[in-house]
Asker: 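Could you have a look at this structure, given as structure tokens, before my questions?
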Amino acid sequence: MIVPMKKVSLIIMGDKKTETLEKLRKLGMIHIEINEGSGERLNELKEQISLLESAIFTVGTKKGAEGEELNLAESLNIAKDVAFLTDKKKNCQAEMFTLNSELDRLESWGRFDPESVKDLVEKGIDISFYEIPKKEYEALGDSLKTIKLGESKNTVKCVLINSFTDEKTEFVATMNNYKLELPQMSTEEMQQKVSEFIDEIKSIDEKILSYGKYTNALKNAVKACEKEIEFEIYATGMADEDLSENKNVSIAHFKGYIETENIDKLKETAKSNSWGLLIEEPTEEDDVPTKLKNNKFVSLIYPLTDFLGAVPGYFEYDISGWFLAFILIFFGIIFGDGGYGLFICAVASIPIIKSLVTKKEVSPTFLLVGLLGLSTVLWGTLTCTWFGLSAEQIPQWIQKLSIPVISNVYADQIWHPFWTEGETGLTTAQNLQIFCFSLALIQLTIAHIKGAIRNRRSLKMLGDIGSILQLFGIYYLVLSLVVNPEVFSFSLVISGIPVGTVAIALIGIGFLLSFVFSNYEGNIIKSILASLTNIVSVLLGVVNVFSDIVSYIRLWAVGLAGAAIAATVNELAGPLLGNFLFMIIAIVLLVFGHGLNMILNVLSVIVHGIRLNTLEFSSHLDMSWSGHKFKPFNEQID
């Protein structure tokens with residue numbers, strides 16, 4: 001259920017903000033409705049979080065990290081040290097890159113020492129190094145003194161020698177385009193420095209990795225900063241009003257929400273601290289947070305809804321129980337294979353058993369996964385689907401556990417409903433389609449029953465009843481158009497009841513009731529006018545009901561696709577199993593093929609199974625999942 005809330009407004013003296021917030025945090029009951037704050041302290045905390053998160057990303061996690069505990073100041077010092085080391089490493093890498101680039105530039109010249117060139121200059125010999133095109137070098141002739149050092153196909157490396165007393169020629173100026181810029185140090189010195197940088201970077205990396213044991217402490221420091229940010233947002237974002245001309249006296253106030261059962265405790269606290277307190281019932285205009293409270297079994301769905309970020313609005317429905325029930329069914333049908341279900345159960349059982357042995361609380365996530373595995377095993381048993389094997393390959397005792405009308409054992413058999421004669425009947429595939437459409441009828445009918453119960457004190461309830469009648473009529477229409485028009489004929493009469501005529505009548509009567517009462521707010525005329533104003537949407541609503549029911553066939557289709565992939569993998573690997581040399585290839589193929597199929601099935605559950613709960617079912621409940629979680633202001637670090 002959705003826990004009932006009260007809206008509270010708290011009025012305090014302006015100079016008591018910090019004191020009041022500390023007491024409220026200790027109380028830990030109020031969800032405060034302040035989203036923005038300001039101030040240097042807030043910016044400082046955000047910078048600290050950025051520093052800590054950067055350190056966490058840099059150091060990674062080291063074994064034994066859970067045993068290290070630090071206070072916030074120590075964590076920040078480590079984060080600063082990591083940041084310093086990271087910058088130092090980047091500088092070393094930049095310097096090393098520059099030196100390596102210089103070494104690459106000089107590589108073709110061999111070992112090079114600029115000091116030797118300087119010695120020659122001091123002795124009055126001006127030398128320069130060039131790498132010029134071969135044709136231009138040959139054109140030099142004897143006009144300049146050069147020493148050829150080497151040549152390639154197109155270029156020549158040479159040294160130009162000029163005495164300071166020699167007359168410069170015009171050609172020297174043109175050769176400057178090919179002149180080698182002398183390095184600042186010798187190649188040996190550069191190589192030595194590169195080696196030193198490599199050692200220093202290695203030392204820095206070791207130092208950074210040594211901080212891995214503090215990862216959990218750094219994460220806790222982030223959470224502590226987040227709690228302080230929350231405090232600062234509330235303190236600086238709280239509205240102020242001056243009560244005197246000289247602005248020496250002011251009051252501060254804010255709104256929030258609290259569970260109804262905790263109101264008395266808040267009253268006592270407010271009275272003892274002289275706070276002004278206003279308690280109101282929340283309205284649909286209020287952004288009321290949602291807190292769900294269910295038994296342990298239904299609560300197993302929370303890991304999934306948390307992953308999806310699906311939170312019902314405060315004035316919407318808590319469908320946690322229905323969500324869990326139907327996702328178990330949808331998961332089983334989509335995976336469809338009992339062998340896959342056994343594998344899922346085995347995977348889930350490992351952490352469950354480990355938790356039981358160590359006497360720790362079992363994670364709801366693993367319990368949910370285990371339930372999903374059991375659902376798949378059950379569906380695989382009912383349909384006799386195991387590891388993509390054909391019915392002939394499955395033991396007889398397992399075949400007998402299946403339900404004939406949907407079992408693969410009887411896939412080629414025609415099933416005759418009691419009203420059919422001759423060759424008219426249903427295939428196993430059509431029976432599975434009927435099962436999926438029946439699931440649609442049940443789930444969508446539940447949605448409108450919940451709506452009728454909510455509106456039981458209003459004529460609007462008749463609109464929900466009309467929707468239910470439409471569902472039953474359109475359900476038969478779907479069976480006729482999609483499954484088998486001969487078996488589900490509109491001329492069908494069973495025990496004197498014209499089924500097809502009744503279905504059409506249900507659609508007509510249901511549409512009329514929905515048209516007149518779906519918008520009812522105390523006046524029938526206004527309700528009819530509202531429907532007339534949106535006549536296109538009203539008419540499309542009937543089409544949407546049809547498409548919503550048909551949409552459930554995706555369960556059968558996706559399950560069928562998964563079964564086909566599993567069978568194909570077996571067919572490819574089967575012939576290889578008879579040869580010892582190819583057996584390893586066959587095993588790899590089986591593991592890869594079935595593993596990939598399971599991954600695709602998981603994606604299918606997310607795309608299709610969850611969609612039926614959060615879209616088709618929810619749309620008939622008029623749910624938009626517009627809620628946000630109730631998060632009381634407290635001292636607890638999550």
Side-chain angles (χ1 to χ4, degrees), residues 2-46 48-49 72 220-243 249-293 306 309 311-316 318 625-638:
I2 295 177
V3 176
M5 296 282 170
K6 295 289 185 182
K7 181 171 71 173
V8 296
S9 299
L10 209 63
I11 303 173
I12 60 175
M13 299 303 296
D15 59 349
K16 300 288 186 180
K17 285 184 183 180
T18 301
E19 178 186 331
T20 302
L21 286 172
E22 287 175 350
K23 291 179 179 179
L24 288 176
R25 183 160 64 177
K26 190 174 181 179
L27 188 65
M29 292 180 178
I30 300 181
H31 177 107
I32 298 178
E33 196 180 52
I34 298 175
N35 299 317
E36 294 184 2
S38 59
E40 292 182 6
R41 175 58 178 161
L42 196 58
N43 294 331
E44 180 186 343
L45 287 166
K46 290 178 179 178
Q48 289 177 356
I49 286 181
L72 180 57
N220 290 334
V222 170
K223 293 176 181 178
C225 285
E226 287 173 343
K227 295 299 289 185
E228 288 303 308
I229 283 178
E230 181 184 40
F231 189 95
E232 285 298 315
I233 287 174
Y234 295 157
T236 58
M238 200 181 299
D240 277 301
E241 290 187 20
D242 297 316
L243 297 181
V249 180
S250 66
I251 61 168
H253 59 90
F254 65 89
K255 293 180 181 178
Y257 298 92
I258 186 171
E259 297 169 65
T260 301
E261 62 183 26
N262 292 328
I263 280 293
D264 289 339
K265 192 168 184 179
L266 177 61
K267 285 181 178 179
E268 292 176 8
T269 306
K271 184 177 181 180
S272 62
N273 289 279
S274 301
W275 299 337
L277 178 63
L278 174 64
I279 302 171
E280 302 173 279
E281 285 292 335
T283 64
E284 294 192 10
E285 285 73 30
D286 295 317
D287 189 21
V288 189
T290 303
K291 180 178 180 180
L292 301 179
K293 188 176 181 180
D306 288 345
V311 181
Y314 178 75
F315 294 99
E316 294 181 340
D318 174 18
W625 298 94
S626 58
H628 59 101
K629 280 190 173 184
F630 174 75
K631 294 181 179 178
F633 181 47
N634 56 37
E635 297 177 325
Q636 181 179 352
I637 297 178
D638 300 327

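Note that the structure is predicted; figures quoted are calculated from it, not measured. Scope of the values below: all heavy atoms of this structure, side chains included, with no hydrogens, waters or symmetry mates.
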Asker: With sequence neighbours excluded, tell me which residues meet salt bridge (charged side-chain N to carboxylate O under 4.0 Å, His left out) with E232.
Answerer: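 For E232 there are no salt bridge (charged side-chain N to carboxylate O under 4.0 Å, His left out) partners, ignoring immediate neighbours.
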Asker: Considering residues at least two apart in sequence or located in another chain, which fulfil the side-chain hydrogen bond (donor to acceptor under 3.5 Å, both in side chains) criterion with N43?
Answerer: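 So N43 forms no side-chain hydrogen bond (donor to acceptor under 3.5 Å, both in side chains) with any residue.
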Asker: Please find the pair of heavy atoms, one from W275 and one from I12, that lie closest to each other, and give the distance.
Answerer: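 Heavy atoms of W275 and I12 come nearest at CD1-CG2, 3.6 Å.
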Asker: Name all pairs fulfilling the salt bridge (Lys or Arg N to Asp or Glu O under 4.0 Å) condition that reach into residues 258-270, sequence neighbours left out, sorted by first residue then second.
Answerer: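 Every salt bridge (Lys or Arg N to Asp or Glu O under 4.0 Å) pair that includes a residue of residues 258-270, provided the two are not neighbours, is E259-K291.
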Asker: Is there any salt bridge (Lys or Arg N to Asp or Glu O under 4.0 Å) pair reaching into residues 13-24, and which pairs are they, with sequence neighbours excluded?
Answerer: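 Counting only pairs at least two positions apart or across chains, the salt bridge (Lys or Arg N to Asp or Glu O under 4.0 Å) contacts touching residues 13-24 are K16-E19, K17-D240, E19-K23.
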Asker: Please, which pairs that meet ring-ring contact (aromatic ring centres under 6.0 Å, His included) have at least one residue in residues 21-42, sequence neighbours excluded?
Answerer: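 Qualifying pairs, neighbours excluded: H31-H628, H31-F630.
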Asker: My understanding is that only residues two or more places apart in sequence, or in another chain, count here; which of them pass side-chain hydrogen bond (donor to acceptor under 3.5 Å, both in side chains) with E316?
Answerer: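 For E316 the side-chain hydrogen bond (donor to acceptor under 3.5 Å, both in side chains) partners, ignoring immediate neighbours, are S624.
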Asker: If I take atom CG from residue L21 and atom CD from residue E230, how far apart are they, to the nearest 0.5 angstrom?
Answerer: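 Here the interatomic distance stands at 9.5 Å.
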Asker: Between M29 and I258, which heavy-atom pair has the shortest distance, and what is it?
Answerer: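 Answer, listing the atom of M29 first, then I258: O-CG1, 3.6 Å.
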Asker: Determine whether a donor-acceptor pair (N or O, by modelled atom type, separation under 3.5 Å) exists between the side chain of K631 and the backbone of I32.
Answerer: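 Here the side-chain-to-backbone pair does not exist.
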Asker: I'd like to know if R25 and E228 make a salt bridge, using a cut-off of under 4.0 Å between side-chain N and carboxylate O.
Answerer: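 Salt bridge: yes.
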Asker: Does a side-chain N-to-carboxylate-O contact under 4.0 Å join E226 and K223?
Answerer: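 Salt bridge flag = no for K223 with E226.
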Asker: List in chain and number order the residues that pass side-chain hydrogen bond (donor to acceptor under 3.5 Å, both in side chains) with T283, two or more places apart in sequence or in another chain; answer none if no residue qualifies.
Answerer: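 Result, side-chain hydrogen bond (donor to acceptor under 3.5 Å, both in side chains) vs T283: E285, D286.
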Asker: The criterion is ring-ring contact (aromatic ring centres under 6.0 Å, His included); which residues satisfy it with Y234, sequence neighbours excluded?
Answerer: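 Per chain and number, Y234 pairs via ring-ring contact (aromatic ring centres under 6.0 Å, His included) with F633.
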Asker: Checking K46 now: which residues fulfil salt bridge (charged side-chain N to carboxylate O under 4.0 Å, His left out) with it, not counting sequence neighbours?
Answerer: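 Not a single residue meets the salt bridge (charged side-chain N to carboxylate O under 4.0 Å, His left out) criterion with K46.
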Asker: Main chain of S38, side chain of T236: is a donor-acceptor contact present, judged purely on distance under 3.5 Å?
Answerer: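 Indeed, once roles are kept as given, a pair shorter than 3.5 Å links the two residues.
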Asker: When you measure from the side chain of T290 to the backbone of Y314, do you find a donor-acceptor pair of N or O atoms at a distance under 3.5 Å?
Answerer: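 The answer is yes, because a donor-acceptor pair under 3.5 Å joins these two groups.
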Asker: Looking only at heavy atoms, which two atoms of G28 and P632 are closest? And how far apart?
Answerer: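 Scanning both residues completely, I find the closest heavy atoms to be O-CB, 3.7 Å.
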Asker: Test of understanding: with side-chain contact (heavy atoms from CB on, under 4.5 Å), list the residues that count as partners of I233, not counting sequence neighbours.
Answerer: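 By the side-chain contact (heavy atoms from CB on, under 4.5 Å) rule, I233 matches I34, L42, I229.
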Asker: Check side-chain contact (heavy atoms from CB on, under 4.5 Å) between E284 and all other residues, then give those that pass, not counting sequence neighbours.
Answerer: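 side-chain contact (heavy atoms from CB on, under 4.5 Å) list for E284, sorted by chain: F315.
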